[in-house]
Amino acid sequence: MTLASLPAINAAAMLEQVETWSAINTGTANLAGLAAQAKALRDAFAVLPGEAALVDPAPVSAIAADGSAFYKPHGQHLVVRVRPQANRRILLTGHMDTVFPEGHPFQQQRWLDAETLNGPGVADMKGGIAVMLHALMAFEDTCVASTLGYDILINSDEETGSLASADLIAQLAAGKLAALTYEPAALPDGTLAHERGGTGNYSIVITGRSAHAGRNPHEGRNAIVAAADLILRLKGLEREDITINPARLEGGGPNNVVPDHTVLRFNIRPKTAEAGENFESDVRALIAAVEVAHEVHCHRHGGITRPPKPVDARAQKLFDLVRECGAQLGQDIRWQSTGGVCDGNNIAACGVPVVDTMGVRGGAIHSAQEYLIVPSLAERAMLSARVIQRLAEGALS
Ligand SMILES: [Zn+2]
C-alpha cells in the first residue's frame, strides 16, 4: 500500500464556494435557481479533466387534488465524465436542490460561532459538493489518477425522491466498482449511515357516486367513507418490517352532498426488499376489497421509489476502506443504520457498493437551524481523496 501524501486541500476556497452556492435558492421547484446553480457547478467542476453536460430531467407525472394526472417540471442534472475508457471506474453523486422553496424565510447565512455556519443547504449538501470537488482535485494531483475513471452526477431533484433522475442514476451506476455520495454525515461527529430502509409514495384516487344527502343518500357511493376504510386497512398492514403513514386526504364537498371524489396520499417505509414486495401484493388485494365493499373505483398511482439499502459483503468492504483511510488521517469513522433514504438506496439497488454520507459534518438539516461544521470541509475532503486514491490503487477490485 502506498501512503504518498495527498496535496493540500484549500479550505478557504471550499468555504467561499459553499457560501456562494448557499446564497442561490435551489428549492426543488425553483427552476431558475436550479439553472443558476447548475451553471455555477459546471464552471466549478471545469477544473477536472472531464466532459461536463447538463442533462434534461426525465418526465415525472403526479396526481392533482382533482384526481387528474399532470407533469411536474424539474431542473437539469449535471453529469461530468472523467476518463470513461479506464478499466476501474467509480461514481460520485450529490444533489444541488434543497428543501427550502423560493418563498421560504430561511435564505440567509449566519455564523453561529467561529467554526459553525448556519445557512440553507450548507450541510445538505452544498458543503458535500465542495467536499467531492476538492477531494477529486487533490486526487487528480496524485500519480495514480490516470488509472481511475469516474462519473459525477449532481441531480436537481433528490429532495423530492429523484424521480426525474432515477434512470440516470441507474445508468451511471452500471458497471462501477464503487460509489460515493456526499450527503452529510449521519451524526455531527462524522458517523456514516450504514443500512437504510426504503420508501414508497402513493396516491389513490377514489371515485364514488354523488347523491343528495337527504333525498336519495342510498344511491350515493361515499368516496370519503371508502377512503376512511382504506386508511384503517392500510394501517392494518403494518408489521415489524414496514410502517405506513396515511398523510393527506383531499376531496369532499358541501354537507348536503354524498362526496364522489377523494385522493388519499400515503408513504410506506419498508425495512427489507421482501417487506416492500409483500406490501405491493397486499395493497392490491386490499384496494380490490375496498372497491367491492363500497362500490367505488380506485385508481392507484405511485409505488416504491427507493428500495431498502442492505449492506452486503462488498459494500462492507467499502465501509472498512473508509474507516481505514480515516484512521490514517486520525479520524475515527463509525457507522449506524438509519430510516432515512437518499440516492445511495438507488445506487445500492444496482448492486454497486456505496457509502452515501461522505459529505460534511453538520446537523439540523431540513430546518432553518441547518449548520455546517466548517473545519469538516477540508477534513472530509482529505478522507474522500484518500479513499479515491486507494480505489485507484486497486482496493475493492
Ligand atoms: Zn441531501
Side-chain angles (χ1 to χ4, degrees), residues 14 17-18 21-22 24-30 33-34 37-38 40-41 57 74-75 77-78 91-101 104 106 109 117-133 135 152-166 168-169 172-173 179-188 190-199 201 267 269 305-306 309 335-349 354-373 376-377 380-381 384:
M14 293 182 79
Q17 281 172 328
V18 174
W21 297 341
S22 170
I24 304 171
N25 177 278
T26 56
T28 316
N30 180 2
L34 289 167
Q37 180 72 75
L41 290 174
H74 287 92
H77 314 298
L78 175 66
L91 173 66
L92 302 102
T93 78
H95 63 84
M96 66 180 94
D97 62 325
T98 69
V99 297
F100 307 108
H104 195 280
F106 183 44
Q109 296 156 48
L117 182 64
N118 161 244
V122 289
D124 184 17
M125 61 152 63
K126 293 175 183 184
I129 294 172
V131 169
M132 182 207 295
L133 174 59
I152 298 165
L153 168 66
I154 300 179
N155 57 2
S156 64
D157 67 331
E158 193 278 341
E159 295 292 4
T160 54
S162 302
L163 300 178
S165 57
L168 188 56
I169 295 169
L172 292 171
L180 302 171
T181 295
Y182 287 81
E183 292 291 346
L187 295 177
T191 297
L192 305 171
H194 196 243
E195 291 188 331
R196 290 179 181 272
T199 190
N201 290 304
N267 174 259
R269 299 282 171 152
T305 51
R306 298 203 197 270
K309 189 196 98 178
W335 46 75
Q336 67 176 31
S337 297
T338 168
V341 294
C342 74
D343 287 339
N345 289 69
N346 302 50
I347 294 167
V354 56
V355 174
D356 54 28
T357 38
M358 294 298 288
V360 299
R361 293 190 292 114
I365 62 169
H366 296 196
S367 85
Q369 283 73 48
E370 174 174 2
Y371 66 90
L372 158 67
I373 299 169
S376 74
L377 287 170
R380 300 289 272 198
S384 263

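One-based numbering along the sequence shown. Because the structure is a prediction, the values reported are computed rather than measured. Order of listing sets the numbers, starting from 1, for every ligand and every atom in it.
Counting backbone and side-chain atoms alike, C342 contributes no N/O/S atom closer than 2.8 Å to the Zn ion (ligand 1). Among the atoms of E158, no N, O or S atom is found under 2.8 Å from the Zn ion (ligand 1).
Shown here are the salt bridge (charged side-chain N to carboxylate O under 4.0 Å, His left out) partners of D356, two or more places apart in sequence or in another chain: R196, K309.
With respect to the Zn ion (ligand 1), D124 has OD1 as its nearest N, O or S atom. Within H95, NE2 is the N, O or S atom that lies nearest to the Zn ion (ligand 1). Of all the N, O or S atoms in E183, the one closest to the Zn ion (ligand 1) is OE1.
For the 3.5 Å distance criterion, the side chains of S384 and Y182 qualify, holding a donor opposite an acceptor. If you check the side chains of Q17 and K126, you find no donor sitting under 3.5 Å from an acceptor.
H77 contributes no side-chain N or O that, together with a main-chain N or O of I154, makes up a donor-acceptor pair within less than 3.5 Å.
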Exercise answer: donor-acceptor pairs, residues 92-99 side-chain atoms, under 3.5 Å, sequence neighbours excluded:
{"residue": "T93", "atom": "OG1", "partner": "T181", "partner atom": "OG1", "Å": "2.8"}
{"residue": "H95", "atom": "ND1", "partner": "D97", "partner atom": "O", "Å": "2.9"}
{"residue": "H95", "atom": "ND1", "partner": "D97", "partner atom": "OD1", "Å": "3.1"}
{"residue": "H95", "atom": "NE2", "partner": "D124", "partner atom": "OD1", "Å": "2.9"}
{"residue": "H95", "atom": "NE2", "partner": "E158", "partner atom": "OE1", "Å": "3.4"}
{"residue": "H95", "atom": "NE2", "partner": "E183", "partner atom": "OE2", "Å": "3.3"}
{"residue": "D97", "atom": "OD1", "partner": "E158", "partner atom": "N", "Å": "3.3"}
{"residue": "D97", "atom": "OD2", "partner": "T28", "partner atom": "OG1", "Å": "2.8"}
{"residue": "D97", "atom": "OD2", "partner": "E158", "partner atom": "N", "Å": "3.2"}
{"residue": "D97", "atom": "OD2", "partner": "E159", "partner atom": "N", "Å": "2.9"}
{"residue": "T98", "atom": "OG1", "partner": "F100", "partner atom": "N", "Å": "3.2"}

